[in-house]
S.K.: 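Submitted below is the structure of interest, expressed as structure tokens.
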Amino acid sequence: MSVKMSTSSPEAVKKLLENMQADLRSLSMECKKKFPPVKEAAESGIVKIKTIAARNTDILAALKENSSEAVQPFLMGCGTKEPKITQLCLAAIQRLMSHEVVSEAAAGNIINMLWQLMENGLEELKLLQTVLVLLTTNTIVHDEVLSKAIVLCFRLHFTKDNITNNTAAATVRQVVTVVFERMVAEDQKFKGLTEEPPAVPGNSNRRSVSSLRPSAKDAYMLFQDLCQLVNADAPYWLVGMTEMTRTFGLELLESVLNDFPEVFLQHQEFSFLLKERVCPLVIKLFSPNIKFRQGSSSSASSPAPVEKPYFPICMRLLRVVSVLIKHFYSLLVTECEIFLSLLVKFLDGEKPQWLRAVAVESVHRLCVQPHLLQSFCQSYDMKQHSTKVFRDIVNALGSFIQSLFILPGAGNTSSTSTPDTVRHQIKCVMTCVCGVAVFCPRVDAVCVFAVAHEVWEEMVNACWCGLLAALSLLLDASTDETATESILKAELSVASLCGRLSLVTPRDAFITAICKASLPPHYALTVLSNAANLSNKVYSIQGQSVQMVSPSSESHQQVIAVGQPLTAQPQGTVVLTAKNIQCMRTLLNLAHCHGAYLGTSWQLVLATLQHLVWILGLKPAVGGVLKPGRAVEGPSTVLTTAVMTDLPVISNILSRLFESSQYLDDVSLHHLINALCSLSMEAMEMAYGNNKEPSLFAVAKLLETGLVNMDRIEILWRPLTAHLLEVCQHPNARMREWGAEAITSLIKAGLSFKHEPPLSQNQRLQLLLLNPLKELSNVLHTDIRQKQLECVLQILQNQGDSLGPGWPLVLGVIGAIRNDQGESLIRTAFQCLQLVVTDFLPTMPCMCLQIVVDVAGSFGLQNQELNISLTSIGLLWNISDYFFQRGEAITEELEREEAVLLKQAQDKGEPLNRPFHPAPPFDCLWLCLYAKLGELCVDPRPAVRKSAGQTMFSTIAAHGTLLQPLTWNIVVWKVLFHLLNCVRKSSTTADKEKIESGGGNILIHHSRDTAEKQWAETWVLTLAGVARIFNTRRYLLQQLGDFFKAWEVLLDHIQSAALSKNNEVSLAALKSFQEILQLVTPMKDMDKLDVLAAMDVPPVLMESLQGSGPGRPLVRSDSLAERLVQRYGAQPSLPPPGEELDDSALWWSAWNTWYRIGTECTRPPSGGKDKLVFVPSQPFLTALIQIFPALYQHIAGGFSMEDLKKLGVILHGAVSVPISSDSSPFILPSYTEAVLTSLQEAVLTALDVLQKAICVGSENLQVMYPAIFEQLLLFVEFSCKPPQYGKMETKHVANAKYNQVSLCPAEWVALNYVPFAERSLEVLVDLYHKTACHKAVINEKALQNIIKTLRIPLGLKYACPAESTWKLAVSSLLKVLSIGLPVARQQASSGKFDTMWPELANAFEDFLFTKSTPPDNRSIQEFQRNEAIDVEVVQLISTEILPFANFIPKEFVGRIMSMLNKGSIHSQSSSFTEAEMDIRMREEFSKVCFETLLQFSFSNKVSTPQEGYISRMALSVLLQRAQDVLRRFVNDESNK
């Protein structure tokens, strides 16, 4: 448009007129001499132009009308054939043409003139130029004029001048284009107008085009003649053609078909030409190519061109075919099938190489149009009885590619190809693949997709084998990175498409190809060999079996990494090339972008990546991310700088690959997980039986996949964790470690992830997440358990407050400890438990509290770490405190849960399964705690037993008030007595062997150096604890129906402990006995002490009765009533003040137990010489006897004579027991000290309590006095006759003091009984003083028995073991007689004292005239003191007996008189010296005797016959004595 404006503007017109005039003038000047007519024409032309310019406003239009005249001078000038003139004229004509002022007639004239010039061979280039200007500047030239112009150009094309030829060729091409452009413009012009239906064109009839418009007609005629010319036929329209080449004709046909396809598609006439002319022509021209086979025998000089393929024609033909298929496939379906089949045949290996190359190029042109390929498949491959064109094309390409790499055979000499050819082939195959691969589903409509899906599927099935064969070979051969990238991209596209179409086999085949290309050559990877077995795959292409041949292209590749193979083969190191890494990137890209379609192929992809990662030395880090790490074994991995910079990128892509799994659908995700699990299983199998580092790729990536899919973790959790749990059990430590790392990381991430709904509202998910943690407890490996417990610790620290229903699982994990797991594991687990107890008890459901108790108990029972056991017992104490403080809240929650559980159990028709049911749930919690402590109380370790025992009894004492009464029944029978039974059993069967040390350098005290001794301590503690509970909780326990039975059982335990052969146990049993004897009627403590004080109970004993025993400080039950009211809302049945409960049965049971203990322990052994005899210790016996006063106050009311006798037996037996010689220095007083042992004190105290009780008691109690006298007299006898303990030999106490103990360490030492006997005598005298007048004392002849017993020491006198004995006996006798003789006198008539008098006489006689001689070393003073005692006895006789002779039997008086007589006579011994004679002969004694005799001889106060009798007797004795003296004197005198 801008050109037209510029030529029609006034300035342009003016210039045109000027130029025309100038041209005409020049022409006139040139022709002035030679060509006058021309000159004249020029001049008249000038005038004509001026006239036109003057007369017309539209000068150009006027010029056009008169153009014939205006042009005439120039035509005439051309006719001169003078070059200069001709050039001038042609230039002028061109100027007129450019301004479009040439009419149709003028144009015809111009063409005719140009034709003449052409025939004369003048100004050929200028001619071409003029024709071109004429045809391009306007559309006035049509029909024959146009054909003549075109022929002119053709004719010039075939001149001998190359420049002219080439210019003419270009002009022809342009003119042909112009012709068709005119037609297109014409169509455009008439586009909106209705057209009459065109007549049906006839067969090759020129007149058939009458319906066409002018320009269309020209184009039709031109195209028809081109076909005629190529076919070597005469043209219809291009008249005058003398010469034509097929190559040029084909080129023109190709350009028209390629540039103006719409002409042929819109006009039936042209479509007809295509079908009827072009296609047959092409097929005809192809015939030599089809028939020819390379290497066949043919005439060397055959002139016929059809005999042999001609490259120029063949190449152009193929281009025409490409255009036909490309643009007119829809019109020429059948013809295209023929063309395509021909193309495939041209690719045959037997064709010339150049033909094959050209065919490849043609195929390439088709393959760049994916819609064509789709059409081929739909039109041919998917139709029955039709050629499988698409498949054949691809297979032919594959076959062609293969042929490039097969060595030339015998008859295949020209099969080698140039690099350019190879590049073409690669490009062709690449674009073909891309053409197939672009059909990825992008259509949303289901129906469309269904149709398209079928096509795609058919295309893939048709082409994949050939494509894979070709691409694999090309990939192997490729040394160029860009080419490799293209090939890989193609393989990736096909693999992706196959995945989308769910075509598993081809998908896996292509993925395998990429995988194999990623790995080093000959790498034995089983999964790839099995996947498609590609290394031995044979493809059938064009009916031939083609074996895949892999060229050795490794040598051309850059090695960038050397590493260790993961597989067993190959041995040594393997190398990775740049191409391997490039393929790896493609593989990563495939997985990242098309993971959703990989399905089971994940196995192939991940296996390959695993091996590559291994070779590159990438190791897993936190979260499963792979990072470069040092090689652990073998030669170090060698990495070039290039790959070193790539490693972080590869690592990053790997991570992104698994991160992108969050975008996969559920099914694809499961495929990924299954593949990773399968891969991990292989790695596990490889790691069996060797210490080589395992591949952790799969485990690390399972972790990474799990972490990024946390929002839908539920769907993959079970397969994921089930596999990781298997990994955790693997013998390889590194493999295990990562399995545990993965599973614990996933659990922690799962618990901390913000799920929708939150975990607190989705208990099922929370339990699902925690379950693998519990499963880890079944793994035996310590390192796994350590990881598990560290995970638990972190969970507690981070999510402890929100665990809720997950607590049982977590606690189960903490409590799943075993003794074979080592200290560190148990220590970590215990840390978790401590955290739970200190921080989380209030946040957990109360139903879990029982589990906490069980877990704490299990830590107590473990034997690896003593400190943990002890600390866990402390935790149980803390737990009990928590129960106590939160009792009400716990009770409410537990009762709610109980109701739910009960309903569920009833619905199922089952009983409620709960420990200690049917006790209330809160009480059951306590019972579980007590039961667990009870287990710990019988632990093999003494320290644990002690701590557990103290804790249990303190807990029961402190918090027992919370229990309901019925629960106490279970506590007593199932906890306390069960514990006592276990402890008793263990104690009696414990080992007696000495334990050298307590571990390390700890020394054990001799009192604990055997298991038996250590168990003894436990028995002591347990018994004391149970007794204390019976003491403090007596009122509660008595409300239970079977309290008496429980009491009996407790007493039985006390008895068996007391009778055990261990002094510590037996003594402690008695202390427990003492404690339960505090279970008195509800008196105040002070009243109780007052009563005991009134009974003269020693202070020491009162302290022991008040004490609370070993263990923690005892919480007394003062507030018991208030606590019970608060708990149960009812006042317990406590007795009214001052009223005693009826406990007699309890106390008599206690008495019987005491008696049995006493009987058993004081019974002498049967064998006397057995060194292993057990003899009870003095402290034990002391404690036993000390119990009696406390016991007696409960049974005093019914204490009978028989009981007293039983008591006497025990008291006698107790004091008779000797002590071992090695302990005698600690128990025995110094021999010179008259001190009692504690036992002897206790015995006397017992009798004292008894006699005082009798004293204040009723009359019927007083019959017991004689028995007490009898008991005391037995003790008095010990002074002279120490008791014998069975047949045991004992040393005298005196000898024990002289270091003889060490010589016979097993000997027994008898006690010094003298102080005891003397104290007993004093007690006896005192008692007699109080009770001499009691009937029972008189009737039972107590005085006689006393005298009889005292007679023994009195008779022995100096022979007594201790001198104090006989002296005390004398003084006691005097005291007793001073009290008893008046009673005897009063009762003289009853005859109850008749037998006493002879005893008394014997006692006096034995004492006064003893047979024992005093020791020689006695001083005079001692003799005098002893004589004074004798004198006292005589004085007693004179004051208390003889004055009352009338109440005394005569025989007795006679004996007294004879004794006095005997005493009055001096007795002498020859052993005395003269100096001592006076004293030794008891002068004073004799004197007193004599005076007494005289006193009663001359008594002038005889008032009764009896008194007279005394005097007479005394007198007769005196007279008898006088007679004897005189007789002796006479004899003496006569002998002088």
Side-chain angles (χ1 to χ4, degrees), residues 3 23 26-27 30 71 74-75 77-98 102 107 109-138 141 145-182 222-223 225-226 229-230 232 235 237-256 258-259 305 310-313 315-316 319-320:
V3 174
D23 288 338
S26 300
L27 181 61
E30 290 292 334
V71 174
F74 297 119
L75 295 178
C78 290
T80 62
K81 298 178 185 175
E82 283 288 331
K84 188 174 180 182
I85 297 170
T86 305
Q87 286 175 6
L88 172 67
C89 291
L90 287 176
I93 290 169
Q94 285 178 15
R95 185 177 291 114
L96 287 171
M97 289 175 183
S98 65
V102 177
N109 296 333
I110 292 169
I111 294 295
N112 289 332
M113 181 272 297
L114 293 175
W115 183 271
Q116 291 170 5
L117 288 174
M118 175 268 297
E119 285 187 330
N120 292 315
L122 299 172
E123 296 297 334
E124 291 171 338
L125 292 177
K126 204 74 173 173
L127 289 180
L128 290 170
Q129 190 179 23
T130 305
V131 169
L132 196 56
V133 173
L134 175 61
L135 295 181
T136 55
T137 54
N138 55 67
V141 182
V145 178
L146 178 60
S147 71
K148 198 168 186 178
I150 295 170
V151 170
L152 182 149
C153 294
F154 271 115
R155 294 270 296 270
L156 288 174
H157 173 53
F158 294 104
T159 60
K160 295 176 182 178
D161 185 351
N162 279 339
I163 296 173
T164 305
N165 282 356
N166 293 337
T167 308
T171 307
V172 168
R173 288 189 180 95
Q174 195 163 355
V175 167
V176 170
T177 303
V178 166
V179 170
F180 277 87
E181 280 175 349
R182 282 179 179 185
L222 172 62
F223 190 79
D225 279 4
L226 284 174
L229 290 167
V230 172
W237 187 58
L238 298 174
V239 181
M241 289 286 290
T242 57
E243 192 177 354
M244 181 63 177
T245 60
R246 274 184 177 159
T247 52
F248 189 50
L250 287 171
E251 284 175 16
L252 292 173
L253 282 176
E254 181 198 356
S255 67
V256 170
N258 195 41
D259 295 342
Y310 181 56
F311 171 75
I313 291 177
M315 181 186 77
R316 287 163 178 78
R319 286 183 183 168
V320 170

S.K.: Any side-chain heavy atom of Phe180 sitting closer than 4.5 Å to one from Asp259?
M.R.: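 They are not in contact (no side-chain heavy atoms under 4.5 Å apart), so the answer is no.
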S.K.: For the CD atom of Gln174 and the OG1 atom of Thr167, what is their distance to the nearest 0.5 Å?
M.R.: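 The distance works out to 11.5 Å.
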S.K.: With Leu222 as reference, evaluate Val179, Leu252, Val175 under the side-chain contact (heavy atoms from CB on, under 4.5 Å) test and give the passing residue.
M.R.: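 When Val179, Leu252, Val175 are each tested with Leu222, the side-chain contact (heavy atoms from CB on, under 4.5 Å) holds only for Val179.
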S.K.: List the residues meeting side-chain contact (heavy atoms from CB on, under 4.5 Å) with Arg319, not counting sequence neighbours, and say none if there are none.
M.R.: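 Testing Arg319 for side-chain contact (heavy atoms from CB on, under 4.5 Å), a comparison that skips the adjacent residues, returns Glu254, Met315, Arg365.
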S.K.: With sequence neighbours excluded, tell me which residues meet side chain to side chain donor-acceptor pair (under 3.5 Å) with Asn166.
M.R.: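 Side chain to side chain donor-acceptor pair (under 3.5 Å) check on Asn166 returns nothing, list empty.
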